[in-house]
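Residue numbers begin at 1 in each chain, while the letters A, B, ... track the order of the sequences.
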Amino acid sequence: MRIESIIQEAVLEAIKALYDAELNPLQVQLQNTRKDFDGDVTLVVFPFLRLSRKSPEITAEEIGNYLQEHVDVVEAFNVIKGFLNLVINKDYWLNTLSEVYTDGKFGTALAEENSELVMVEYSSPNTNKPLHLGHIRNNLLGYSIAEIAKANGKKVVKTNIVNDRGIHICKSMYAWQQWGNGKTPESSGMKGDHLVGEFYVEFDKHYKAEIAELLEKGLSKEEAENKAPSIVAARELLRKWEAKDPETVELWKTMNSWVYEGFDVTYKNLGVDFDKIYYESETYLVGKEEVLRGLAEGVFYKKEDNSVWADLSADGLDQKILLRSDGTSVYMTQDIGTAKMRFNDYSIDKMVYVVGNEQNYHFQVLAILLDKLGFSWGKDLYHFSYGMVELPSGKMKSREGTVVDADDLMDQMTEVARKMSEELGKLESLSGEEAEKTFRMIALGALKYFILKVDPRKNMMFNPEESIDFNGNTGPFIQYTYARIQSVLRKAADKQIAIDSKLEIETVSEKEKELLKRLSLYPAVVKEAGENYSPAVIANYCYELVKEFNQFYHDHSILGVDDPAVMNFRLVIASAVGKVVKSGMNLLGIEMPERM
RNA sequence: GCCCCGGUAGCUCAGUUGGAUAGAGCAACUGCCUUCUAAGCAGUAGGUCAUGGGUUCGAAUCCCGUCCGGGGUACCA
């Protein structure tokens, strides 16, 4: 049982016994005792003054006496102003450590038959260009919150909605037809998604030139944008596609297949995966049907130009378009269709959409629309809204090529990891293949940790130069400490030193107790991360834990201790720290190397 | 205009349901490799928590105003 729960219960008892009052458990405010005071857990007594009608000091004294007398684990206490510092006895901390060491799944739960089913949608790429840094944040967050949900005992389905149709892909198709000369991934040696992305940029270049030309001829900006030959041709392709023109559909299939091959490589390198993939080309018609049903049922209305709308003014929002005047579907239409298909396929209890915060309004509307269409789960959808990734040079614009490409970034970071390792003379004992794997692990650890350690809701700054940092509060620092722990454990095994979970030790130093306290916090951290959908909570916890261990590690020798009980105790700490950190980093999708 | 989010050290970020003297890392400066991995450790310096008010025993945290930044805002996704 966690110390907070024990004390909380006891305080409720104490208040009843001393002041004959019933208390809401939430009024019991406990916190870690500050390092400069004696004690482990601190109770704030200010809220009780009304009940005791005594000074803070006397109230704290009375409660302290009661707790010391009635609670086994409370060994002593002291009072400073309105703060009651409780000293918890050694046995409690040793028992906790044993538990961490023995319990292979400490802090994480397994899904059971009746567990809640959570579906997490993330990634959701367009098929006209490769993945970039913004997608990386999305993918890492999506993967991580899915893993965290699992660790909290939820059943999880990871899903991806691929936006495989629409004007954007037609632009790439048109450019390929015009200027591609039959180029393929095989003939060019390019990754499929990069090749298609190149044509998307190519399209935009021509399109812009055409607009400029038309503007010179005296057309208005709007006219020019609508009458440029390229865009007209792309629209024609979209029309043909919707009319199922065989040649167009064939080209669409071919180019999309190139992109998927490329995406598969990127996903694999990034270490993310999906249980079920939906394609917009298969869901948008379902969405259209639903909108028409809503129209027939009078939930939506039609304007004179035949466009279909929802009136959300009763919900404090505006009018929202659902079908264009030409009958084609918009973004919202397909999301309605996808949602319907998903809830038909799975018995979903909670739907989580990992999508950037520029779409907050979209998901607010989607929830209301689904509700209006009679889907009971509509109101409960959760939009996991994360902030944008900014660069020192400003914003990323895919059309202008000012993006940080996902594949390039991973490769570059691997290069830096390799160079750094060589300079430091690390990993020389490993084979080329093993070393290569480790470089990749370190590079991705750095990238993932850098992105996941910040609060997902906030915009974050990504400086490519500074982010490739392997010192300080970084993934590699945590991996490094882990590798050293494994090294110590290997050496212990070599020396035939057995590790015993039974701890018989006279005294526990302050530093060691700090570590034990922090270890015992892990289950609460996993829970908090799950409730707040925040991988950052786990990242920062792991850093603190590892940092504290490092300090301990420098001040104390583990293997060079004469007293076997002390050596065993330290080995158990090292092993427990290793386990917890590995578990935590796993929830972030970060692998831990055995040596580095 | 209206709506949403943010502002903490030079930079990047933490900061527990309001609690004691606001914390890390980077960058700068100083020490420490005959001792389990120096991708490390110890130390110095760096703050009007954007700003003005309010709530109370107590505010970076809650409420209101102002300034600055980002996003959204009816036929892009």
N/O donor-acceptor pairs under 3.5 Å from side chains in residues 24-31 of chain A, not counting sequence neighbours:
| residue | atom | partner | partner atom | Å |
| --- | --- | --- | --- | --- |
| A:N24 | OD1 | A:L26 | N | 2.9 |
| A:Q27 | OE1 | A:N24 | N | 3.2 |

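- Atom pair A:K458:NZ and B:rU61:C1' shows a separation of 12 Å (rounding to whole Å applied).
- In summary, A:K511 and A:E514 do not engage in a salt bridge, as defined by a charged side-chain N under 4.0 Å from a carboxylate O.
- Residue A:D455 has its side chain nearest to B:rA14 when only B:rA14, B:rU37, B:rA39 are considered.
- Ion pair A:R518/A:E548 flagged as a salt bridge, since at least one NZ, NE, NH1 or NH2 atom sits closer than 4.0 Å to an Asp/Glu carboxylate oxygen.
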Protein-nucleotides 54-57 of chain B N/O pairs closer than 3.5 Å?
none

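- For B:rA74, its base never sits under 3.5 Å from the side chain of A:S307 at any donor and acceptor pair.
- Close to B:rU37, at under 4.0 Å from its OP1 or OP2, lies a side-chain N or O of A:K491.
- A:N163 and A:N126 are linked by a side-chain donor-acceptor pair at a separation below 3.5 angstrom, with hydrogens and angles left out of the test.
- Between A:Q29 atom CD and B:rA59 atom C1' the separation is 13 Å, expressed in whole Å.
- Nucleotide B:rC36 holds its P atom 15 Å from the CG atom of A:L571, rounded to whole Å.
- Aromatic ring centres of A:Y122 and A:Y353: separated by at least 6.0 Å.
- Close to B:rU35, at under 4.0 Å from its OP1 or OP2, lies no side-chain N or O of A:S557.
- Counting heavy-atom neighbours within 6.0 Å of A:K303 NZ, excluding the residue itself, gives a total above 12.
- With no hydrogens or angles considered, no side-chain donor-acceptor pair links A:N256 and A:D164 at under 3.5 Å.
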Structure string for RNA chain B in dot-bracket form, Watson-Crick and G-U at under 3.5 Å, | interchain: (((((((..((((.....[...)))).(((((.......))))).....(((((..]....))))))))))))....

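- Rounded to whole Å, the C1' atom of B:rU21 lies 14 Å from the corresponding atom of B:rG58.
- At B:rC36, none of the side-chain N or O atoms of A:R595 fall inside 4.0 Å of OP1 or OP2 (strictly under the cut-off).
- Between A:K221 and A:E225 a salt bridge is recorded (basic side-chain N to carboxylate O distance below 4.0 Å).
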Tabulate below the donor-acceptor pairs under 3.5 Å that side-chain atoms of residues 360-367 of chain A make, not counting sequence neighbours, or state none.
| residue | atom | partner | partner atom | Å |
| --- | --- | --- | --- | --- |
| A:N360 | OD1 | A:S385 | OG | 2.8 |
| A:N360 | ND2 | A:N357 | O | 3.4 |
| A:H362 | NE2 | A:D335 | OD2 | 2.8 |

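- The nucleotide whose nearest atom lies closest to any side-chain atom of A:D318 is, among B:rU73, B:rA20, B:rA39, B:rU73.
- Both tests pass for A:K129 against the ring of A:Y200: distance under 6.0 Å to the centre and angle within 45° of the axis.
- The pair A:D204-A:K208 meets the salt-bridge criterion, with a side-chain N (NZ, NE, NH1 or NH2) lying under 4.0 Å from an Asp/Glu carboxylate O.
- In summary, A:R440 and A:E591 do not engage in a salt bridge, as defined by a charged side-chain N under 4.0 Å from a carboxylate O.
- Stacking here means ring centres nearer than 5.5 Å and ring planes tilted less than 30 degrees, and by that measure A:Y543 does not stack onto B:rA24.
- In this structure, the CG atom of A:L559 is 9 Å from the P atom of B:rU37, given to the nearest Å.
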Can you give me the N/O atom pairs linking the protein to nucleotides 41-46 of chain B at distances under 3.5 Å, or say none if there are none?
| residue | atom | partner | partner atom | Å |
| --- | --- | --- | --- | --- |
| B:rA42 | OP1 | A:Q551 | NE2 | 3.2 |

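- Contact between the side-chain N/O atoms of A:Y480 and the OP1/OP2 oxygens of B:rA39 is found at a separation under 4.0 Å.
- For B:rU37, neither phosphate oxygen OP1 nor OP2 lies less than 4.0 angstrom from any side-chain nitrogen or oxygen of A:R490.
- Nucleotide B:rC36 holds its P atom 18 Å from the CD atom of A:Q486, rounded to whole Å.
- Listed by residue number, A:I442 are the residues of residues 442-453 of chain A with a heavy-atom contact under 4.0 Å to RNA chain B.
- Look at A:D315 and A:K320 and you find no salt bridge, because none of the NZ, NE, NH1 or NH2 atoms lies under 4.0 Å from a carboxylate O.
- Looking at A:T338 and A:T283, their side chains do bring a donor and an acceptor atom within 3.5 Å of each other.
- Contact check on A:D40 versus A:K517 returns a salt bridge, with a Lys/Arg side-chain nitrogen under 4.0 Å from an Asp/Glu carboxylate oxygen.
- B:rC75 atom P lies 9 Å from atom NZ of A:K303, rounded to whole Å.
- Under 4.0 angstrom from either OP1 or OP2 of B:rC13 there lies no side-chain N or O belonging to A:R457.
- A donor and an acceptor atom never sit less than 3.5 Å apart when one is taken from the side chain of A:T481 and the other from the base of B:rA39.
- As a whole-Å value, the separation of A:N360 CG from B:rG71 P is 13 Å.
- Checking the phosphate oxygens (OP1, OP2) of B:rA38, no side-chain nitrogen or oxygen of A:K426 falls inside 4.0 Å.
- Of the candidate nucleotides B:rG71, B:rU37, B:rU21, B:rG71 has the atom lying nearest to any side-chain atom of A:E358.
- A donor-acceptor contact under 3.5 angstrom links the side chains of A:Y301 and A:Q319, judged on distance only.
- Nearest nucleotide to the A:Y361 side chain, out of B:rA39, B:rG72, B:rG40: B:rG72.
- An OP1 or OP2 oxygen of B:rG40 is reached within less than 4.0 angstrom by a side-chain nitrogen or oxygen of A:N471.
- The base of B:rC75 is paired with the side chain of A:D305 by a donor and an acceptor separated by under 3.5 Å.
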